[in-house]
Amino acid sequence: MRLPDLTAFRRVVFFTGAGMSAESGVPTYRGAGGVWKQYDYHRYACQPAFDRHPDAVWEFHNYRRSLVAACEPNAGHAIIARAEQVLPSVTVVTQNIDGLHQKAGSENVLELHGSLWGVRCDATGERETRFDVPFEGQRADGRWWRPDIVWFGDSLRDAVVSAAIEAIRGCDLLVAVGTSAVVYPAAQLPTLARQAGATMLEINPDETPMSAAYDLCMRGTATEMLGRLAANLPSD
Ligand code: APR
């Protein structure tokens, strides 16, 4: 298949994973130096761990806040944000929690796995966006804020999943960028676009278990491949 021209499409979904932010300096989860190779998520990123040791969970999440706060969106994020400005409809469905799509200017962003910058209190139902680094997890009343992130074992938020499914089912182009496609239910969402007859592109240096579902697999980095795909996109 020839490289399609991004400007030829009207309803585009960018389905992104940790590889989208790799060139910004945010570690991926499963590659070399991956987060889960250094930290056991059973101890730092799941509800039972939070129930047992909220302080240790916040220490880990404050470490990630400090790391991500020092990272800037890369050229790939900028291309996706620009596409939203010039194409009729662009939706970002991201598994990432780093907020770099929004920092690059994307507005129509669905965060399937929540946000590193989100906090909530399950006792009171409060939900806030807070960019403190570090964030003081323990509240004045002794209760704890919880990172508003979808941890392993959590359910995704119905409203976010419904919006993502609607966007993916209605798109004419789905571009998966930097995801290993091994975590469900997110990993199966792109197949809904295929069922709807959309053109399917995968941008990833490596093959993934979903690669066969794509019309074209662009084996390279997010910045390089998005740069090629968006060659005809009017610049600022
Ligand atoms: N450009 C594009 N892709 C890249 C780049 C790059 N510069 N560098 C690495 N990749 C690819 C890797 O080949 C890999 O396929 O990005 C993918 C990263 O995979 P993961 O680390 O598994 O990240 P992701 O797919 O987003 O993980 C999904 O798992 O741990 C949970 O909730 C967490 O959202 C996360 C989910």
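Positions are given from 1 along the sequence. When a ligand or atom number is given, it counts from 1 through the structure's own listing order.
Checked against Glu111 for a side-chain hydrogen bond (donor to acceptor under 3.5 Å, both in side chains), the options Gln102, His101, Gln95 give a single hit: Gln102.
By the salt bridge (charged side-chain N to carboxylate O under 4.0 Å, His left out) test, Arg139 is found to be paired with Glu126, Asp141, residues two or more places apart in sequence or in another chain being considered.
Salt bridge annotation for Arg219-Glu207: absent, with no cationic side-chain nitrogen under 4.0 angstrom from a carboxylate oxygen. Under a 4.0 Å N-O distance rule, the pair Asp148/Arg146 does not qualify as a salt bridge. A salt bridge links Arg194 with Asp215: at least one charged nitrogen is closer than 4.0 Å to a carboxylate oxygen.
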What are the polar N/O contacts of ligand 1 with the protein below 3.5 Å, with distances?
unit_1	atom_1	unit_2	atom_2	d
ligand 1	1 (N)	Gly19	O	3.4
ligand 1	1 (N)	Ala222	N	2.9
ligand 1	7 (N)	Glu23	OE1	3.2
ligand 1	13 (O)	Asn204	OD1	2.8
ligand 1	13 (O)	Asp206	OD2	3.3
ligand 1	15 (O)	Asn204	ND2	2.8
ligand 1	16 (O)	Gly178	O	3.3
ligand 1	21 (O)	Tyr29	N	2.7
ligand 1	21 (O)	Arg30	N	2.9
ligand 1	22 (O)	Arg30	NH1	2.6
ligand 1	22 (O)	Ser180	OG	2.6
ligand 1	25 (O)	Thr179	OG1	2.8
ligand 1	25 (O)	Ser180	N	2.8
ligand 1	25 (O)	Ser180	OG	3.2
ligand 1	26 (O)	Ala18	N	2.8
ligand 1	27 (O)	Arg30	NH1	3.0
ligand 1	29 (O)	Arg30	NH1	3.1
ligand 1	29 (O)	Arg30	NH2	3.0
ligand 1	30 (O)	Arg30	NH2	3.1
ligand 1	30 (O)	Trp36	NE1	2.7
ligand 1	32 (O)	His113	ND1	3.2
ligand 1	34 (O)	Gln95	O	3.1
ligand 1	34 (O)	His113	ND1	2.9

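Residues Ser21 and Asp98 bring a donor and an acceptor atom of their side chains to less than 3.5 Å of each other.
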